[in-house]
Amino acid sequence: MSERSLADWLAYLERLHPTAIDMGLERSRKVARQLGLGRPALRVVTVTGTNGKGSTCAFLAALMGGQGLKVGVYSSPHLRRYNERVRIDGREAGDAELCRAFAAVEAARGEISLTYFEMGTLAAFWLFERARLDAVVLEVGLGGRLDAVNLVDADVAVVTSIALDHADWLGDTRDSVAFEKAGIFRAGRPAVCGESDPPIPLLERAASLGTPFYRRGRDYELTPGRDAWDWRGCSAAGDRLELPALPPLELPVENAALALQVYALLDLPWQAERIAAALSATRLSGRLERRHIRWQGKRLSFLLDVGHNPHAAAYLAERLAERPPAGQRLAVFGLLADKDLPGVLEPLLPEVRHWAVAPLPTPRSRSAQELAAVLQGRGALVVACADVAEALQAQCRRAVESDEILVFGSFYCVAEALEWLSRQEEERRDGVAG
C-alpha cells in the first residue's frame, strides 16, 4: 500500500466511494478519531464562500507567514498538481509526504468508505499535525456545514461571499446557501464576512451562537490612498491603522481587507511595513494571473481567471473594464455543464471582441458547439475548437501584440491553458539553448 505512487493513490481515491460528493461529517469524524487526530495547529481559520476563498486564504497565509509563523494551507481544487492543495510553511507537500498520509488514512478507515475529498482532507490534517504548525488556513470545499473541513473548530470563521452556485447541494436561494456556510460558525468565536449586506441566516446563526460577527463596510474596510492605505477594523491595538501606500494589488482589495480583519482578531503583531509587504507580494495561480509568451515572433499577453459563476464573472468584468488593452481583447473559454452559462457570459460580452470556445477534459463539460451557439445567439464572434490548446492557438494567430487574450471559465480550462503556456515557454528555452 505504501509503495503506491501519488498518481496511483489519486486514481484509487477516485474509485473508493460510489459518489464524488456525499455530504456529511460522520464518516470523516469516525476515521479522524481512529487516526487519533486532534487540532491541526495552534490557530485555525476556516474559510468558506461562493467566490474569493482562494485569494483570502493566500492573503492570510502571507500575513501570518510574514510574521515568522509556520503556516499550513489546505485548499481545493488544484490547477496543475494535487500537491497544490496542501502547503506547509510556503511549500507544496511532496509526493512522498502525501503518499504516507494517504496510507495512514487508508489503514485507519477500515470498512468506512470515504470520498476523494474526505480522504484528502484527513490526509492534510495528518500532515499538518506532524508539521507542528503555528496556524492553518482551511478552505471549505463545498458549502460548510457538512464539509469535511468542518470537523475542526475554527478560532475565526470566514465567509467571503454569498451567491448561487452548486444549487443541487446548497439550494437555489442566497438564504439556503448562507445557511450551509454559517455551519462553520462556533459558539463565542468570531466570524468575519466579506459581504456588506449578508443574508439573514448568517446573522441569525451568529446571534444564536453568541458569535461576534464582523461585516465589511460596517466593521472593517481597506481604503487605498495615494500616500497611504487606510485600514479601519476591530483589533486590540485600535480601530484605525494605516499601512504604507501599496501598488495596485493583483488580487481583490476586498479579500485583502477581509484577511486583515481576520489577522487582527488573531491578536498578532501589527507591523505595518511587514503587513504591506505581505499583501503586495501575494499571488495566486489562475486568479487574475498575467502571463506573457513569445509566439511565432509576437509577444502576446494573457490574463487567466477561474471565474465560473455569474458572481465571479461580474467581478472579472469590472476588473477588465478598469484595465482595457491597447488593442482588442480575445477570449478562450470553457465551462462545465452544471454552471449558469448565460449568467457567466452576460457581464463579459461587452469586454471581449472575439471568442474561441472548447470542450474540457471531463465528462461534465459543455460542448464547444453549445457554447458557440449561445454566444452567436448574443451576436458574438466565435469559433468552436476541438480542445483548449486549439482555442489558444487560434487566438494567438489572431492576436497582435497590443491585444490581450483572456482565458477564463472552469478550473479545467485555466489548467489546460497553464500547461500549454508552460510548454511554449519550455520549447522556446530549448530552442534558444539549442
Check step by step if side-chain contact (heavy atoms from CB on, under 4.5 Å) holds for F408 and V306.
CA-CA 5 Å; F408 83 104; V306 292; over 6 Å; no
May I have the step-by-step check of salt bridge (charged side-chain N to carboxylate O under 4.0 Å, His left out) for R423 and E426, ending in yes or no?
CA-CA 5 Å; R423 285 197 300 272; E426 288 168 10; over 6 Å; no
List the steps, then state whether side-chain contact (heavy atoms from CB on, under 4.5 Å) holds for T223 with W229.
CA-CA 6 Å; T223 307; W229 287 46; over 6 Å; no
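Residues that satisfy the side-chain contact (heavy atoms from CB on, under 4.5 Å) test with V44, not counting sequence neighbours, are R39, P40, T46, V136, L138, V152, A154, D155. Partners of R186 according to the side-chain hydrogen bond (donor to acceptor under 3.5 Å, both in side chains) rule, which considers only residues two or more places apart in sequence or in another chain, are N150, D153. Residues satisfying the side-chain contact (heavy atoms from CB on, under 4.5 Å) criterion with R215, sequence neighbours excluded, are P198, L203, F213, R218, D219. Take Q328 and apply the side-chain hydrogen bond (donor to acceptor under 3.5 Å, both in side chains) test, not counting sequence neighbours, and it matches no residue. Not counting sequence neighbours, the partners of P361 by the side-chain contact (heavy atoms from CB on, under 4.5 Å) test are Y412, E416. In this view, H78 and Y82 satisfy the ring-ring contact (aromatic ring centres under 6.0 Å, His included) rule, not counting sequence neighbours. With sequence neighbours excluded, the residues forming a side-chain hydrogen bond (donor to acceptor under 3.5 Å, both in side chains) with Y315 are R319, listed by chain and number. Considering only residues two or more places apart in sequence or on other chains, A157 meets the side-chain contact (heavy atoms from CB on, under 4.5 Å) condition with I184, F185, A191. Qualifying side-chain hydrogen bond (donor to acceptor under 3.5 Å, both in side chains) partners for D387, counting only residues two or more places apart in sequence or in other chains: none.
The nearest pair of heavy atoms linking D175 to P199 is OD1-CB, 3.6 Å. Listed here is the closest heavy atom pair of I162 and A178: CD1-CA, 4.0 Å. Between G49 and T160, the closest heavy-atom pair is CA-OG1, 3.2 Å. L151 and A32 get closest at one heavy-atom pair: CD1-CB, 4.4 Å. The two residues S367 and E370 have their closest heavy-atom pair at OG-N, 3.0 Å.
A salt bridge links R378 and E346; the closest N-O separation between the charged side-chain nitrogens and carboxylate oxygens is under 4.0 Å.
Among the candidates E404, H292, E401, R291, the single residue satisfying the side-chain hydrogen bond (donor to acceptor under 3.5 Å, both in side chains) test with S301 is H292. Evaluated for a side-chain contact (heavy atoms from CB on, under 4.5 Å) with W355, the options L371, L349, L406 yield exactly one hit, L349.
For the salt bridge (charged side-chain N to carboxylate O under 4.0 Å, His left out) condition, the pairs that include at least one residue of residues 349-363, sequence neighbours left out, are R329-E351.
Because its NZ or CZ atom is both nearer than 6.0 Å to the ring centre of Y12 and within 45° of the ring axis, R4 counts as a cation-pi partner of that residue.
Counting heavy atoms from C-beta on, the side chains of F333 and V407 never come closer than 4.5 Å.
The line from CZ of R87 to SG of C57 is 11.5 Å long, rounded to the nearest 0.5 Å.
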Report, one line per pair, each donor and acceptor closer than 3.5 Å where one atom sits in a side chain of residues 277-287; sequence neighbours left out.
from	atom 1	to	atom 2	distance (Å)
S280	OG	A276	O	3.1
S280	OG	A277	O	3.2
T282	OG1	A278	O	2.7
R283	NH1	S280	O	2.9
S285	OG	E289	OE1	3.1
R287	NH1	S285	O	3.1

Residues 244-264, side-chain donor-acceptor partners within the protein, below 3.5 Å, at least two apart:
from	atom 1	to	atom 2	distance (Å)
N255	ND2	S55	OG	2.8
Q261	OE1	C234	N	3.0
Q261	NE2	C234	O	2.9
Y263	OH	Q67	NE2	3.1
Y263	OH	P269	O	2.4

